[in-house]
Amino acid sequence: MKKTNIIAMALAGLMSLPVIAGEASEPTAGDLLQGINMFTPEEGDPAWKIKANEQFGSQWYVDAAYGYWQTHNAMPGTNMHNHFFLLHAALNQRIIKNDVHGGTWLRAELSGSWALNRRTARSSSFMTDGFSSASGLHADIYGPADVVIPELALMQYFNNKRTCIIAGMVNLTNYFDGVTIANDSFSSFVNDSFVYSSILPLWDANLGAVVQYELNSSNYVQAAVTRTGCDYRSNPFRANNCDGYAVVGEWGHIFDDGNATLRLNPFFQKVDIDFDDGKGEHQRTNWGLAGSIEYTVNDNLTVFTRAGIAHHDHISGNAAEFSLGAHIKLIPSREDDFFGIAYGIYKGAVSQYRAYPSYVGDDTGREGHNREQVVELMYSFQVNDYLKVIPHYQFIQNPAYRSTSHESIWGVQTVFSF
C-alpha cells in the first residue's frame, strides 16, 4: 500500500529550522516531534483548510492519482498495460486542546487503489511480488479494488511537546526512516525499495505504540513495539494470527545547520514462518541495523543514501541493502520541478530467492538469484499548486530474485493533492 508522505512533508519543514532560529534566536521546544507527527499547511493551501487547522484542530491531506504502468517480461498472471486510480488520505483531529503541551489527537489514514479495466491487475500485490525489492509489510496497493486503513490511533503530547505517545492501530512508516526525498510514491520514487527501508520491519494496521522524545534542538529518539501478521481486513483486537511482534528504534541527528539528517534504526522481530516442510509454522527471530543520511547540498541538489543488514535471513524482508539517490532541479525558472535518480542493490533472504526457480513456472527446483538491482529515473512536473505529472522508468535486474535477466517498467502518475 501507499507509503505516506507525512514525514516527507514534515521534515521538509524541519530543514527550515535554521531560518526560524535566525529570526527567533532558538528553535521552539517540540519542533522536531511536531515536524514528524503533524501536517503543516503548504503553499497553495486554500484559506478554508488553514482556518480549519487553526480553529478546529483539523489537519489533513488527500492525494488522488491516475497511474499507468507498462511492464516487460511480466510475471504470469499480470498484464503488460496497467491502469489504476490511487487514493491516499490522512487526518489529524485534535480532541483535547493544550497549547503548552500539545494536546490529544486522533490519527486516521486511508489508502486504496482501483483497477480501471479488467485486465490491469490479478492480485493486490503483483507490483510488489513481481517486480520490486520489498519486504511485503507496507507496499503500495496495486490491486483490482483494495481499500485499507493502515492507521487509527490516539496521539498524546507531554512535557512541553517534547514527549509524545501514539497508541492504537499504528503505521510505523509514518514515523521511522523518514528520508524526505524518498518516502512518498505519490510525488517521488515509485519502486518500493526506495520508498522505505527493505530491512526494517515497519508494520502497519497492527496494534502497537510509538514513544518519542526530543533530546534537544538537534537530536531525538523514538521506539515502537507492534504485533505482526494481522491482515488488513482482520480486526486486530480479535485476530488470532498476529502471534509475532516487532521492536524498532530510531536516533535522529540534524546537523550542518539543518541541511543534513542522520538516522540509525536498530530492530528486533519475531514472526511465524511456514517453510512447507510438513511441520507447520516455525517461530523465527531477526535483528539488525539500518540507517540513512540525507543532505541538501544546495537549493538545486538533495541526496540520500540508505544501508542495512539483518542477522537472520530465513525471514521476510531483505538480508542486506544499499541504495542512494538524488533530487536535482534542472530548470532554474521552474523551482518546484525536479529530476530524480536512484540506484539500489539488495541481498535477498534465503526464504525469498529459494522460492523462485530460474524461470517462473519452471519445475526445475533451482534457486532464484540472491541479488537484485534497481535503477529508477523520474521527473516531477508541477503544473500548479494542486496538480503534478510524474513520468518514471525502472530497470530491475533479477526482479523479485527471479533468475530471469531483467524487467523494465515505464509509467506515469498524474497526482492531484489538496
Side-chain angles (χ1 to χ4, degrees), residues 2-24 27 31-32 34-36 38-47 49-50 53 59-67 86 88 90 178-191 194-195 254-261 292-305 323-343 375-393 411-418:
K2 161 83 172 53
K3 165 64 182 174
T4 178
N5 61 7
I6 292 175
I7 302 177
M9 295 165 57
L11 289 181
L14 183 152
M15 289 303 181
S16 66
L17 285 179
V19 177
I20 299 173
E23 297 175 351
D31 275 347
L32 297 187
Q34 293 282 299
I36 294 174
M38 313 305 289
F39 313 150
T40 56
E42 294 187 298
E43 183 180 355
D45 280 343
K49 183 175 180 181
I50 297 175
N53 177 24
Q59 304 178 345
W60 73 89
Y61 68 87
V62 177
D63 289 334
Y66 162 74
L86 307 170
H88 182 253
V179 175
T180 307
I181 67 171
N183 72 344
D184 173 20
S185 64
F186 271 51
S187 61
S188 186
F189 301 108
V190 175
N191 191 284
F194 302 132
V195 174
I254 293 84
F255 59 102
D256 192 24
D257 293 328
N259 291 315
T261 303
S292 66
I293 298 177
E294 59 178 309
Y295 178 50
T296 300
V297 180
N298 52 48
D299 290 340
N300 299 315
L301 176 64
T302 302
V303 298
F304 82 92
T305 183
S323 63
L324 69 166
H327 279 186
I328 308 167
K329 295 181 181 179
L330 299 178
I331 306 174
S333 62
R334 297 196 56 82
E335 59 181 20
D336 293 327
D337 295 1
F338 61 85
F339 169 71
I341 181 171
Y343 166 78
V375 175
E376 182 171 345
L377 308 175
M378 53 79 62
Y379 190 84
S380 178
F381 178 78
Q382 191 76 41
V383 179
N384 55 42
D385 289 334
Y386 306 100
L387 180 65
K388 67 180 69 176
V389 178
I390 307 173
H392 58 86
Y393 168 74
V412 64
Q413 288 195 125
T414 301
V415 183
F416 177 73
S417 302
F418 65 93

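FYI, side chains are in, hydrogens and waters are out, and symmetry mates aren't considered; it's all heavy atoms of this structure.
- In plain terms, the two heavy atoms of Ser323 and Thr305 that are nearest each other are O-OG1, 2.9 Å.
- Using a 30° and 60° split on the angle between ring planes, His327 and Phe189 fall in the tilted class, from 30° to 60°.
- Remark: aromatic rings of Tyr379 and Phe381 are distant, center separation not under 6.0 Å.
- The CG atom of Asp256 lies 12.0 Å from the CD1 atom of Ile254; values are rounded to the nearest 0.5 Å.
- Note that CZ of Arg334 is 9.5 Å distant from OG of Ser380, once rounded to the nearest 0.5 Å.
- With Asp337 contributing its side chain and Gln382 its backbone, the two residues share a donor-acceptor pair below 3.5 Å.
- Considering all non-hydrogen atoms of both residues, Lys388 and Ser187 come closest at NZ-CB, 3.3 Å.
- The main-chain N or O of Ile181 is found under 3.5 Å from a side-chain atom of Ser188 such that the two form a donor-acceptor pair.
- Contact annotation: the side chain of Thr414 approaches that of Leu387 to within less than 4.5 Å [non-hydrogen atoms, C-beta and beyond].
- Put simply, CG on Leu377 and NE2 on His392 are 11.5 Å apart, with the number rounded to the nearest 0.5 Å.
- Distance check: Phe255 CZ to Thr261 OG1 gives 7.5 Å after rounding to the nearest 0.5 Å.
- Looking only at distances, a side-chain donor or acceptor of Glu376 sits under 3.5 Å from a matching main-chain atom of Val190.
- Minimum interatomic distance between Asp45 and Ile50 (heavy atoms only, all atoms of both residues): O-CD1, 4.0 Å.
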